[in-house]
Amino acid sequence: MQRVCDPHGIGGTAAWHKVLAPSFYHRDPVTVACELLGKLLVRSLDGDFMIGRVVETEAYLAADDPANHAFRGRTGRNAVMFGPPGHAYVYAIHRYHCLNVVTEGEGLPSAVLIRAVEPLMGIDRMQRQRPTGRLSTLTSGPGRLCQALAIDRTLNGWDVTRAQRLWFVAPACSASVTITVTARIGVTSARQLPLRFCLGMSPFVSRGPYARR
DNA sequence: CGTAAGATTCACT
DNA sequence: GTGAATCTTACGA
């Protein structure tokens, strides 16, 4: 079992966080999307640590999901989704990037989009990449969090189970969470499917009644 | 090679 | 709520 120390004590005193292993991602995207809520996204850059708590995710299914980039087969852009689970699928949209984690594997092109995190650590470093007056708009959106955490295409295909550059951990202290399920944001097809998952009442989500301005 | 579309964000009305 | 910015990717000629 791989572990990483939390130098700032996020998650409680003397916290040791378990790095999420390949088996965590080797499941269906809905399960992974729900279980990623409350986990910590860790970005290591130039010796700095940036950490955010995952508060909003979306699942993109391998079958019968026209909103999935892989719906019409493998292309240069979506190739990572056809690879092993636990790797980052990063793509560009307009001026921004979006971070996904590949799930399932076995040639099933499914993934979970990370839509929002709550900034916990390395906030000064995040603000350097994405200057905002308010903390509530620093990482509340898929493009925003990638800008704040300096995530771009150079991380496409990156193995997020190795605790280098970009990875996820389970906090040492975690409480049970309430999950709100809604339709996905921004997609132009399969708008009805309930595949967006938010931590209940978190003000750091991108949209919804609890999103802070 | 040209063109259209997009899992976004921001400024503005 | 609406529209523009902006740029990569996909696809057809």
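Per chain, numbering begins at 1; letters A, B, ... match sequence-line order. Quick caveat: nothing in here was measured; it's all calculated off a predicted structure.
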Of all the choices, [options], which nucleotide is nearest to the side chain of [X] once you look at every atom?
{"X": "A92(A)", "options": "dT8(C), dT8(B), dA10(C)", "value": "dT8(C)"}
{"X": "R153(A)", "options": "dC11(C), dT9(B), dT8(C)", "value": "dT8(C)"}
{"X": "Y96(A)", "options": "dT8(B), dT8(C), dA7(B)", "value": "dT8(B)"}
{"X": "R77(A)", "options": "dT8(B), dA7(B), dA10(C)", "value": "dA10(C)"}

Discussion item. Walk me through whether H69(A) and Y91(A) qualify under ring-ring contact (aromatic ring centres under 6.0 Å, His included).
Written reply: CA-CA 10 Å; H69(A) 285 169; Y91(A) 69 91; 4.6 Å; yes
Worksheet item: Any stacking of Y91(A) on dA7(B), going by centres under 5.5 angstrom and planes within less than 30 degrees?
Response: no
Item to complete: With DNA chain B as reference, determine whether G143(A) or T188(A) sits nearer its 5' end, using the nearest nucleotide of each.
Response: T188(A)
Fill in: Lys NZ or Arg CZ of R53(A) over F204(A) ring: under 6.0 Å, within 45°
no
Practice prompt. For the pair D48(A) and R43(A), find out whether any cationic side-chain nitrogen is under 4.0 Å from an anionic carboxylate oxygen.
Written response: no
Worksheet item: What distance do N68(A) atom CG and L195(A) atom CG have between them, rounded to the nearest 0.5 Å?
Response: 10.5 Å
Heavy atoms under 4.0 Å, any strand shown: does [X] hit a base, just sugar-phosphate, or nothing?
{"X": "R72(A)", "result": "nothing"}
{"X": "R95(A)", "result": "base"}
{"X": "R130(A)", "result": "sugar-phosphate"}

Fill in: 5' priority, DNA chain C, between N78(A) and H94(A) [closest heavy atom]
H94(A)
Worksheet, complete the sentence: For dG3(C), the nucleotide meeting Watson-Crick or G-U wobble distances (both under 3.5 Å) is dC10(B)
